[in-house]
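In what follows, a single structure is set out as structure tokens and then discussed.
Proteins get letters first, then strands, A, B, ... in listed order; numbering begins at 1 in each.
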Amino acid sequence: MIETTDFEDSALLSAFQRRVYAACCRIPRGRVATYAALAASIDCASPRAVGQALKRNPFAPDVPCHRVVASDLSLGGFMGRRDGPEVLRKKRLLLEEGVGVDPQGRIVPEYLWSFKGDE
DNA sequence: CCATTGACATCGA
DNA sequence: TTCGATGCCAATG
């Protein structure tokens, strides 16, 4: 197992931050969730705050933050970039996980994951 | 402590 | 459909 993803830095992170990361890890491989859904899962009414947390995510791809997309089904951003090669890499990662992504960079709704009682 | 920003979301023109 | 404005919450300066 990769300990690099361990929340040892919890002292450097706020409770809100690890909540977001935890929810992110809850997304199964090959699935994607929207910022809003993730925010709702942590009982947060602000998807923006989630985006901030992921942006400041010190655990980059270690935490499946790349499985979080916008409600518009767009890739959103990655590694602090809303566009550019970073987002391209994110798209590639999703494709590697088997997530359907349209050439326009659109996530196929069928792969959307809901933080329901499913697991 | 106040002001500004941000990997979003939603509504209106 | 595309563009612009507003709201929300947290982090940072």
Side-chain angles (χ1 to χ4, degrees):
Chain A
M1 52 183 39
I2 308 167
E3 311 80 11
T4 52
T5 56
D6 199 356
F7 296 95
E8 247 178 82
D9 310 279
S10 55
L12 307 176
L13 304 170
S14 295
F16 192 75
Q17 288 282 103
R18 45 184 149 168
R19 269 179 242 170
V20 175
Y21 304 144
C24 206
C25 292
R26 274 170 205 145
I27 306 174
R29 187 175 176 280
R31 289 276 196 260
V32 290
T34 63
Y35 291 96
L38 202 154
S41 70
I42 62 175
D43 199 63
C44 184
S46 223
R48 275 214 154 176
V50 177
Q52 286 291 2
L54 291 174
K55 177 185 179 182
R56 302 289 175 192
N57 176 11
F59 307 105
D62 287 316
V63 169
C65 53
H66 56 270
R67 293 176 191 161
V68 184
V69 298
S71 305
D72 197 62
L73 299 184
S74 55
L75 291 182
F78 191 53
M79 291 183 83
R81 301 298 291 191
R82 306 197 329 198
D83 46 22
E86 309 303 335
V87 178
L88 185 62
R89 188 184 326 187
K90 177 177 180 177
K91 173 178 161 190
R92 195 171 70 186
L93 282 168
L94 292 174
L95 289 173
E96 283 291 315
E97 295 192 352
V99 177
V101 182
D102 285 3
Q104 299 179 11
R106 289 288 205 166
I107 299 294
V108 179
E110 306 172 39
Y111 294 90
L112 278 175
W113 169 260
S114 303
F115 287 89
K116 284 300 174 186
D118 249 343
E119 191 162 341

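In this structure the side chain of Tyr111(A) never reaches within 4.5 angstrom of the side chain of Val69(A), judged on heavy atoms. Side-chain contact between Ile42(A) and Val50(A): present, with at least one pair of heavy atoms (C-beta onward) separated by less than 4.5 Å.
Glu96(A) pairs by the side chain to side chain donor-acceptor pair (under 3.5 Å) definition with nothing, not counting sequence neighbours. Every side-chain contact (heavy atoms from CB on, under 4.5 Å) that Pro109(A) has, sequence neighbours left out, goes to Leu73(A), Leu112(A). Checked against side-chain contact (heavy atoms from CB on, under 4.5 Å), Asp102(A) has the following partners two or more places apart in sequence or in another chain: Arg106(A), Val108(A).
When the C1' atom of dT10(B) is taken as reference, atom CG of Leu73(A) falls 15 Å away, rounded to whole Å. The interatomic distance linking Lys91(A) (NZ) with dA7(B) (C1') rounds to 17 Å, in whole Å. At whole-Å resolution of the value, CG in Asn57(A) and C1' in dA7(B) are 11 Å apart. The distance between atom CZ of Arg18(A) and atom P of dA10(C), rounded to the nearest whole Å, is 15 Å. Atom OH of Tyr35(A) and atom C1' of dC9(C) are 16 Å apart (whole Å). Note: CZ (Arg82(A)) to C1' (dT5(B)) measures 11 Å, nearest angstrom.
With respect to Cys65(A), the side chain to side chain contact (heavy atoms under 4.5 Å, CB included) criterion is satisfied by exactly one of Leu38(A), Ile27(A), Leu54(A): Leu54(A).
Evaluation of the side-chain hydrogen bond (donor to acceptor under 3.5 Å, both in side chains) test over residues 31-40 of chain A, restricted to residues two or more places apart or in two chains, returns none. Applying the side-chain hydrogen bond (donor to acceptor under 3.5 Å, both in side chains) definition to pairs two or more places apart or across chains, those involving residues 77-89 of chain A are Glu86(A)-Arg89(A).
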Provide a list of protein-nucleic acid N or O atom pairs under 3.5 angstrom, restricted to nucleotides 11-13 of chain C.
unit_1	atom_1	unit_2	atom_2	d
dA11(C)	OP1	Ser14(A)	OG	3.2

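For the pair Lys91(A) (side chain) and Val101(A) (backbone), a donor-acceptor distance under 3.5 Å is absent.
Here CZ of Arg29(A) is found 5.0 Å from CD of Glu97(A). Values are rounded to the nearest 0.5 Å.
Closest to the side chain of Leu54(A), out of dC9(C), dA7(B), dA9(B), is dA7(B). Listed nucleotides: dA9(B), dA7(B), dC9(C). Nearest to the side chain of Ala70(A): dA9(B).
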Exercise for the section: Could you run through nucleotides 1-6 of chain C and give me one letter per nucleotide, 5' to 3': B if any protein heavy atom sits under 4.0 Å from the base, S if only the sugar-phosphate is that close, - if neither? Expected result: ------
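When hydrophobic side chains of Ile, Leu, Val, Met, Phe, Trp and Tyr are connected at separations under 4.5 Å, Phe78(A) ends up clustered with Met79(A), Leu93(A).
For DNA chain B, the neighbouring residues in residues 37-47 of chain A, judged by any heavy atom under 4.0 Å, are Pro47(A).
Base contact: Gly80(A) has a heavy atom under 4.0 Å from a base atom.
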